[in-house]
Amino acid sequence: MSDYMERLPGQNVTHDTRAMSHESTDKQKRYQQITETLQFYNCPMTAKEIAVHMRNMGYIPTDERNFTAPRLTELSKAGVVEPCGTKMCRYSGKKVTAYRLLNSGT
């Protein structure tokens, strides 16, 4: 039996599912995992690099950067981390933002 639900005319399904996902995330726990990762490596890291480490630690099920990127944006707005430059991502081959902890001595 499928749990498929038909979209009603005018209903924005992606907005609803995005909101449900957003609400189900334990942000404080994710913030802690990200800051611990940045402290451990003590160097600028990309969202993907952080995600790979968190996957290796068993914090998240995959190394998809979407587990970390939204939280890095929030941590940046809160003054906990800062985008400090760019680096070539060894996973995507693209130039991406690198983050570091503020007041970490790096």
Side-chain angles (χ1 to χ4, degrees):
M1 179 134 251
S2 173
D3 59 357
Y4 171 76
M5 293 177 57
E6 186 73 28
R7 179 184 68 84
L8 300 175
Q11 183 181 22
N12 187 340
V13 176
T14 58
H15 183 327
D16 295 341
T17 56
R18 188 176 339 125
M20 288 186 294
S21 176
H22 183 74
E23 292 169 8
S24 69
T25 302
D26 185 346
K27 290 184 191 174
Q28 294 305 316
K29 183 176 181 180
R30 189 73 75 234
Y31 295 154
Q32 181 181 357
Q33 294 165 343
I34 290 169
T35 57
E36 284 176 3
T37 299
L38 288 168
Q39 285 174 333
F40 179 80
Y41 285 100
N42 195 29
C43 66
M45 296 179 75
T46 68
K48 178 67 172 184
E49 290 170 337
I50 295 168
V52 168
H53 174 77
M54 289 173 55
R55 167 60 178 104
N56 292 341
M57 296 299 294
Y59 295 154
I60 55 178
T62 73
D63 63 9
E64 172 58 48
R65 68 176 291 283
N66 285 335
F67 281 101
T68 57
R71 305 296 79 86
L72 284 164
T73 300
E74 293 162 359
L75 287 168
S76 181
K77 287 179 182 177
V80 177
V81 303
E82 68 176 348
C84 58
T86 59
K87 62 194 280 190
M88 192 63 68
C89 177
R90 66 181 186 186
Y91 302 98
S92 70
K94 309 257 188 232
K95 190 177 272 193
V96 297
T97 301
Y99 293 86
R100 68 176 169 207
L101 286 172
L102 286 171
N103 303 316
S104 66
T106 57

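Values below: every heavy atom of this structure, side chains too, minus hydrogens, waters and symmetry copies.
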Decide side-chain contact (heavy atoms from CB on, under 4.5 Å) for R30 and I34; before the verdict, give the C-alpha distance in whole Å, the side-chain angles of both, and the deciding distance to 0.1 Å. CA-CA 6 Å; R30 189 73 75 234; I34 290 169; 4.0 Å; yes
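- Residues T35 and V80 are in side-chain contact: their nearest non-hydrogen atoms beyond the backbone lie under 4.5 Å apart.
- Dense packing is recorded around NZ of K87, with more than 12 heavy atoms of other residues, nucleotides or ligands lying under 6.0 Å away.
- Under a 3.5 Å cut-off, the side chain of T46 and the backbone N or O of T97 do not form any donor-acceptor pair.
- Taking OG from S76 and OH from Y99, the interatomic distance works out to 6.5 Å, rounded to the nearest 0.5 Å.
- Using a 3.5 Å distance cut-off with no hydrogens or angles, the side chains of Y41 and E49 do not pair a donor with an acceptor.
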Let me see the working for T86 and V96 under side-chain contact (heavy atoms from CB on, under 4.5 Å), right down to the final yes or no. CA-CA 5 Å; T86 59; V96 297; over 6 Å; no
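- Salt bridge annotation for E74-R71: present, with a cationic side-chain nitrogen under 4.0 angstrom from a carboxylate oxygen.
- The minimum heavy-atom distance between Q39 and L101, with the atom names listed, is CG-CD1, 3.1 Å.
- If you chain together hydrophobic residues whose side chains sit under 4.5 Å apart, I50 and F40 fall into the same group.
- No donor-acceptor contact under 3.5 angstrom links the side chains of Q32 and Q28, judged on distance only.
- Taking all atoms of both residues into account, the shortest heavy-atom contact from A47 to T68 is O-OG1, 2.8 Å.
- Side-chain contact between R65 and Y91 is absent, with no heavy atoms from C-beta onward closer than 4.5 Å.
- Using a 4.5 Å heavy-atom cutoff, the side chains of F67 and K48 are not in contact.
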Evaluate the criterion ring pair (Phe, Tyr, Trp, His ring centres under 6.0 Å) for residue pair H53 and Y59; output intermediate values, then yes/no. CA-CA 9 Å; H53 174 77; Y59 295 154; 7.1 Å; no
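- Considering CE of M54 and CD of E36, their distance stands at 9.5 Å, rounded to 0.5 Å.
- Neither V52 nor V81 shares a network with the other; the hydrophobic side chains, linked directly or stepwise wherever heavy atoms of I, L, V, M, F, W or Y lie under 4.5 Å apart, form separate groups for each.
- Looking at heavy atoms from C-beta onward, R100 lies out of side-chain contact with L38 at the 4.5 angstrom threshold.
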